[in-house]
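Note that the structure is a prediction, hence the values are computed from the model and not measured. Protein chains get the first letters and strands the later ones, always in sequence-line order, with residue 1 at the start of each.
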Amino acid sequence: MRAWLQHHVLSFAQTLVRLARSPFATALNVVAIGVALALPFGAYCLLGNLESVSHRISVEPELSVFLAGDAAKADIAAVEARLKAAGGVRAVRFVSREAALVELSRTAGMEEVVASLRRNPLPDAFVVTLAASDPALADRLELQFKSLSKVAHVQADSAWVRRLDALLRLGRTAVILLSALLGLALVAVTFNTIRLQILTQRDEIELCRLIGATHAYIRRPFFYLGSLLGLLGGVAALTIVLAALVVLNRDLVQLAPLYGSDLRLRLPNPEEMLATLASSVVLGWLGAYLSVSRHLLGIDPIR
Amino acid sequence: MRAWLQHHVLSFAQTLVRLARSPFATALNVVAIGVALALPFGAYCLLGNLESVSHRISVEPELSVFLAGDAAKADIAAVEARLKAAGGVRAVRFVSREAALVELSRTAGMEEVVASLRRNPLPDAFVVTLAASDPALADRLELQFKSLSKVAHVQADSAWVRRLDALLRLGRTAVILLSALLGLALVAVTFNTIRLQILTQRDEIELCRLIGATHAYIRRPFFYLGSLLGLLGGVAALTIVLAALVVLNRDLVQLAPLYGSDLRLRLPNPEEMLATLASSVVLGWLGAYLSVSRHLLGIDPIR
Amino acid sequence: MAIISFSQVSKRYPGGFEALKAVSFAVEPGEMLFLTGHSGAGKTTLLKLIAAIERPNGGTVLVNGQNVSAMRASAIPYLRRHLGLVFQGQKLLYDRSVFDNAMLPLVVTGQPYREAARRARAALDKVGLLEREKANPVTLSGGEQQRLCVARAVVNRPAILLADEPTASLDAAYADEIMEMFSAFNQVGVTVLLATHDQQLIGKWRKRVLMLYRGKLL
Amino acid sequence: MAIISFSQVSKRYPGGFEALKAVSFAVEPGEMLFLTGHSGAGKTTLLKLIAAIERPNGGTVLVNGQNVSAMRASAIPYLRRHLGLVFQGQKLLYDRSVFDNAMLPLVVTGQPYREAARRARAALDKVGLLEREKANPVTLSGGEQQRLCVARAVVNRPAILLADEPTASLDAAYADEIMEMFSAFNQVGVTVLLATHDQQLIGKWRKRVLMLYRGKLL
Ligand SMILES: Nc1ncnc2c1ncn2[C@@H]1O[C@H](COP(=O)(O)OP(=O)(O)OP(=O)(O)O)[C@@H](O)[C@H]1O
Ligand SMILES: Nc1ncnc2c1ncn2[C@@H]1O[C@H](COP(=O)(O)OP(=O)(O)OP(=O)(O)O)[C@@H](O)[C@H]1O
Ligand SMILES: [Mg+2]
Ligand SMILES: [Mg+2]
């Protein structure tokens with residue numbers, strides 16, 4: 001038992017020594033694994049940012065219901081009741097023509113235009129907030145509201161909802177493509193690294209077999225190597241992603257005032273970082289496992 | 001001479017045989033190189049698409065110059081002359097208040113509003129096209145035009161120009177980051193593959209040294225191997241990028257009608273594909289060269 | 001009971017060559033004997049069957065009471081821990097010192113370090129390499145490397161010692177010393193089986209001889 | 001003029017060990033001679049200096065009229081093409097057939113295939129391995145592998161043949177055959193230098209003997 005523990009410690013130390021002995025090759029490997037991990041992780045972070053933005057935008061799908069110019073108080077109340085009774089409607093807000101004009105005059109460039117108006121050309125309107133950002137629901141309600149009496153026009157932002165939906169789907173497709181590709185690349189890199197190590201230590205493995213080393217004893221250092229490479233690669237990936245986000249944020253800061261909003265990208269939180277490290281260790285171990293299963297068998301004790 | 005040529009053919013054939021013998025490892029390598037090449041190439045293609053779009057948008061930076069409601073014909077002519085005389089102006093187009101109203105009524109949702117107007121609230125205006133999409137120029141001209149008599153308001157789209165500029169800078173930063181990272185990954189993969197091959201053939205190299213093989217003879221097969229791996233990787237990269245573009249286009253087709261434009265991504269042209277293949281061969285050769293320079297020296301003819 | 005026993009063992013290599021044909025013999029515990037025969041007679045093949053490096057195509061190989069010919073792969077390492085092996089073309093590890101090479105069998109079987117180091121030094125001393133313990137094996141001459149292989153084979157005090165041409169690249173003086181070492185081990189109860197083509201050596205030591213001719217035991 | 005001449009050659013290995021000390025001798029073209037001495041005496045080191053595998057620390061090594069001790073790295077391959085080398089622990093390539101192993105020196109120097117194949121077969125025939133030409137070297141016994149190394153060394157008809165313990169793992173019959181081969185080569189003008197610790201062999205062949213003792217030529 002003590003000897004077994006001693007061997008675990010020893011083979012871990014040996015793995016470290018071995019990595020330190022060829023620092024250039026090790027660095028290249030770590031970079032390769034790091035890059036392979038950094039890309040899907042970075043894409044995940046960006047998508048997270050994008051979805052939080054899109055959430056803010058699309059959480060409030062709205063229909064604007066414009067009333068006819070000659071609608072009386074009673075008509076307005078009737079329409080409001082019908083709107084509130086419709087399924088899939090969360091809130092109904094009345095915007096009087098006066099309020100709308102004030103709002104319009106606040107829009108950049110319209111100020112002067114509004115000031116030059118002799119009388120208010122805008123109609124009364126309702127802003128209807130939908131319960132869900134579902135393009136089909138928006139379409140259905142648009143048709144339904146249009147047919148109400150004294151309703152002149154219904155302006156749906158379902159086109160926007162649809163646009164955003166399609167864009168996000170596009171983004172998700174891209175991230176899935178990227179993850180699949182880089183998953184493959186990651187497997188290739190770790191698998192080949194362990195293969196290289198096995199070939200380099202061929203003589204040692206043959207000899208250990210001959211001397212009475214168990215299968216577990218021979219495989220152990222390779223598992224350590226794979227996991228360690230995974231860990232280092234994970235650290236490299238985190239460094240790369242954090243550095244990239246910082247650089248991007250520097251550029252975004254210049255962009256933010258133009259949109260009048262806080263466009264800073266959120267950095268990954270500690271749990272996400274830990275998960276990345278853990279999964280990179282697991283992937284490294286897996287690469288080692290596949291490679292060991294495939295390549296150790298071919299080594300016979302002696303020719 | 002004939003023997004030399006024969007050896008070239010022979011070592012190329014041997015390289016092919018060697019690759020074919022370990023199809024799994026070869027496939028993994030090709031995939032790794034292919035992915036590493038595919039990402040900057042794909043990003044390049046996307047950026048190219050983006051820039052052609054942005055070109056279409058930003059090629060015509062404009063200022064809208066609204067005249068005061070009481071401007072007479074003579075005032076209008078005077079302003080027009082001053083606008084045309086200003087430096088950095090390419091074209092000046094007059095939009096009468098009637099034309100502006102017609103245009104407004106064409107805008108989605110405004111139709112009814114316009115129809116309900118008793119009289120035209122819009123002022124006469126000039127649309128000034130600038131010679132260059134330079135935010136500083138736009139700012140300068142905006143100030144200058146504002147001070148003209150009978151000019152009520154100048155609406156600059158320089159905010160848009162700035163926004164686009166910043167966005168493109170962001171995109172370029174991202175692509176540069178990506179290319180640098182994947183350049184590193186590519187070097188790592190080819191370098192390590194050749195290192196692996198050299199270690200595997202260690203005995204053969206030692207022996208050939210002893211038998212009187214020249215340095216060039218020993219290095220040749222590795223250069224072939226590197227170039228061939230690069231070529232296969234390049235083909236893989238092209239396949240990946242083309243497949244990804246086709247998939248993305250499938251999604252974009254759904255998006256296109258929403259924007260009312262042709263949002264299809266342009267596929268890379270034959271010259272770009274050839275350039276990718278050529279550069280991947282060169283990169284493969286380079287990886288081989290670096291690896292050979294570093295690792296062949298360590299192999300002594302005999303212990 | 002015999003510590004090694006072959007009954008009707010035959011070995012055909014892939015390709016059809018019959019390296020051993022119906023070989024039967026028994027070795028008593030504590031015996032020392034020679035295995036000889038022309039080049040290609042099957043000496044190395046016979047030793048490989050004992051160490052379970054190759055499997056026979058027919059017959060039974062018993063070692064230490066275990067049926068090696070039908071052994072599970074996972075049991076083989078534990079069999080080999082009772083064997084000391086010196087093979088032709090056996091490799092030293094050139095990425096560590098002479099001392100670490102001699103330590104390897106003890107490290108692999110998980111011996112406590114201090115005791116292991118003591119035994120490794122004792123083995124190196126016996127083959128005259130103690131003063132080179134910190135050197136890299138690359139720097140040893142052919143004969144010195146051969147002696148290091150012998151030290152590595154005896155360091156874990158095996159019950160059975162199998163050696164394939166252990167004196168092949170040694171001069172007479174060192175060859176005698178190595179043979180004395182084997183004999184000393186034999187005297188404390190280790191079973192020793194030496195394959196050699198050196199008739200002089202066989203003549204000098206007067207032990208039982210197994211003679212192979214084209215895969216048959218004469 | 002001597003084909004190999006050493007004058008006051010000394011070799012110190014990194015680490016400080018003096019493997020050769022002020023060694024001087026000359027070998028005439030067409031001579032056959034033995035190099036002997038105890039294990040670690042410096043035999044292999046001396047052969048390595050001739051083939052420019054190691055460089056001397058002092059003195060001059062002339063081979064074929066060229067100063068090997070001061071040769072440019074790019075000229076070494078062409079020197080080695082005149083040498084046939086059989087080294088201890090020299091490797092065969094296990095990823096190709098016996099025939100391809102024998103062909104290697106001819107392929108490397110770019111001989112036309114047909115003539116090369118003829119000569120490779122002739123060499124294999126001489127060492128008794130022609131019928132195994134399609135086999136993989138892994139399947140050869142220790143002695144057979146040694147003979148294949150000899151075949152590979154002589155296949156390109158070198159002017160000088162250097163062999164380090166070429167008969168170490170061969171039985172007497174094959175050892176004699178190999179020596180006959182070397183002698184036959186010598187008779188057609190090849191210079192042959194054999195390092196061996198086998199005093200019997202030296203006694204049988206009655207050639208000039210260079211005797212090394214702790215790096216000094218006696
Ligand atoms: N893996 C193998 N595949 C095919 N044939 C083999 C294999 N190993 C050995 N042989 C053949 O079996 C025969 C016996 O081989 P073995 O190595 O046992 O001979 P040996 O008695 O040790 O000879 P030597 O004294 O030359 O080492 C030889 O002819 C050899 O070619
Ligand atoms: N690369 C090296 N570095 C340090 N010492 C070395 C090196 N190679 C050989 N030696 C030492 O030089 C001495 C002579 O070695 P060499 O191989 O020439 O001996 P040899 O006469 O061939 O012996 P053997 O018969 O055992 O092969 C030995 O003591 C050896 O340990
Ligand atoms: Mg043998
Ligand atoms: Mg020697």
How about [atom1] on [X], more than 12 heavy atoms from neighbouring residues, nucleotides or ligands closer than 6.0 Å, or not?
{"X": "C:R12", "atom1": "CZ", "answer": "no"}
{"X": "C:K216", "atom1": "NZ", "answer": "no"}
{"X": "C:R214", "atom1": "CZ", "answer": "no"}

Proximity of residues 34-47 of chain D to chain C, residues having a non-hydrogen atom under 4.5 angstrom: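 Heavy-atom contacts from residues 34-47 of chain D to chain C are D:H38, D:S39, D:G40.
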Which region of C:Q146, side chain (C-beta onward) or backbone (N, CA, C, O), has a non-hydrogen atom less than 4.5 Å from a non-hydrogen atom of chain D, or is it both or neither?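 Looking at C:Q146, nothing touches chain D.
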Under 4.5 Å from a heavy atom of chain C, the part of D:Q200 involved: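 When you check distances to chain C, only side chain atoms of D:Q200 fall under 4.5 Å.
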With sequence neighbours left out, write down each residue that passes side-chain hydrogen bond (donor to acceptor under 3.5 Å, both in side chains) with D:K204, or none if nothing qualifies.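 Per chain and number, D:K204 pairs via side-chain hydrogen bond (donor to acceptor under 3.5 Å, both in side chains) with D:D176.
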